[in-house]
Amino acid sequence: MSPDTSDADRPASRPDPIAGRVPGPPAAPAPDPTEGPVHGPPADPAHQPPAGPFAGPPQYPFGAPPTGPVPAGPVPSERRPGRVIGVALGAAAVLTALGVPLGLLWAAVAPDTPVVKTAEGAVYAQPQPEQPIAADGWFSLLGLGFGVLAALALWVLLRRRRGPVGLLAGAAGGLGAALVAWQVGRRVGLSAYERLLASAPDGQAFTKPADLRAGGLHRLFDLLPLPYGNLLLPAFGVAVTYTLLAGWSRWPSLRPEPEPDLSWVYAAPPATGPQVSSGPADSPAPTAAPEPPAPGAAGSPRG
């Protein structure tokens, strides 16, 4: 276009695209197609674990970290001393009342001892009868079984009161049940025995109801009645069984506690690196067979 061309005939000038460009952030480089697809934003290099044979253990070896708040442990409920003491006394009273059927069972299974009426009173019909020993043995077995069952019942029914309070309540209830069972069992048929002893002629044979010889009460300093012998076996059975249950408990507080939520530990970790598909292209190429040597290359020169 010559300089003599008029302005009307000149074409409109277009703005330079480079000169009028608004400055902004540099464009991200195009991804390399050989590296594979990358999911998510690029990770911070400052927090990346070192790679190589000396890399340390991963930060979360069992999966992704928990995304929500970690549940807190169980909050212990308020335990009022009056309520605890009331529950312990009630449990001991129930066990003591169960001594009535225990005494009736002992009177039913324990054999009566044959005796003969004399001028001095009733004497054994045999020089060394076995029935009193059998009565003591039955009371011991029934008392131990009662103590074991009582401890199991306290452990299951009073699961919120497990501990020293339950142990003391069981021991006191076992001792009370033994005293009640002894008095109930020995009085079964006792009135008929006393009537025959008072009215029967000398030489008449009859039987004496079961009673304890290896247990009973003796007064300490002639004031305090103290049980001994077979009467202590129910309380002993309660104490041993309850202690074993406490030792085998899976909870430190002996009371059931909710299990912690560990589902996030076994969750699958998210994909953070390039996903490389495994296929025939990734399998190593087979090693090529060595080429045969050229003729005369490996031979010895001829002279």
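Sequence positions, counted from 1, serve as the residue numbers for this chain. Every heavy atom of this structure was used, including side-chain atoms; hydrogens, water molecules and symmetry mates were not.
Using the six-membered ring where Trp is involved, W155 and Y242 have ring planes that are perpendicular, over 60° apart on the 30 and 60° scheme.
Here the side chains of L217 and W182 are in contact, with some heavy-atom distance below 4.5 Å. For the pair V238 and L95, the minimum side-chain heavy-atom distance is 4.5 Å or more. The shortest side-chain heavy-atom distance between T207 and Y193 does not fall under the 4.5 Å cut-off. V184 is not listed as a side-chain neighbour of W106, based on a closest heavy-atom distance of 4.5 Å or more. V148 is not listed as a side-chain neighbour of L144, based on a closest heavy-atom distance of 4.5 Å or more. L245 has its side chain within reach of L152: a pair of non-hydrogen atoms, C-beta onward, lies under 4.5 Å apart. Counting heavy atoms from C-beta on, the side chains of K117 and L197 come closer than 4.5 Å.
Of the inter-residue distances, the one linking L212 atom CG with Y228 atom OH reads 8.5 Å to the nearest 0.5 angstrom. Rounded to the nearest 0.5 angstrom, Q131 CD and K208 NZ are separated by 12.0 Å. Put simply, CG on L226 and CZ on R219 are 11.5 Å apart, with the number rounded to the nearest 0.5 Å. Rounding to the nearest 0.5 Å gives a distance of 11.0 Å between OG1 of T113 and CD of E130. L190 CG to R195 CZ: the interatomic distance, rounded to the nearest 0.5 Å, is 11.0 Å.
The backbone N or O of R213 lies less than 3.5 Å from a partner atom in the side chain of D136, making a donor-acceptor pair.
Other residues, nucleotides and ligands contribute at most 12 non-hydrogen atoms within 6.0 Å of the CZ atom of F236.
Hydrophobic clustering (side-chain heavy atoms under 4.5 Å, transitive across Ile, Leu, Val, Met, Phe, Trp, Tyr) groups F146 together with L154. In the hydrophobic cluster analysis, where Ile, Leu, Val, Met, Phe, Trp and Tyr join through side-chain heavy atoms closer than 4.5 angstrom, L98 is grouped together with L167. Residue L196 is grouped with residue V115 when hydrophobic side chains (ILVMFWY) are merged at heavy-atom distances under 4.5 angstrom, including chains of intermediate members. Hydrophobic clustering (side-chain heavy atoms under 4.5 Å, transitive across Ile, Leu, Val, Met, Phe, Trp, Tyr) keeps L244 apart from L149. No chain of hydrophobic side-chain contacts below 4.5 Å, direct or via other Ile, Leu, Val, Met, Phe, Trp or Tyr residues, connects L168 to V165.
Annotation for A88 and A169: closest pair O-CB, 3.5 Å, computed over non-hydrogen atoms. Across all non-hydrogen atoms, the minimal contact from T241 to G237 is OG1-O, 2.9 Å. Here the closest heavy-atom approach between residue L158 and residue A91 is recorded as CD1-CB, 4.0 Å. Residues A235 and A171 share a closest heavy-atom pair of CB-O, 3.5 Å. Taking each heavy atom of A200 and Q204 in turn, the nearest pair found is CB-OE1, 3.0 Å. Across A210 and A110, no two heavy atoms sit closer than the pair CB-CB, 3.7 Å.
Residue F139 forms a side-chain contact (heavy atoms from CB on, under 4.5 Å) with just one option from D211, N230, L102, and that option is N230.
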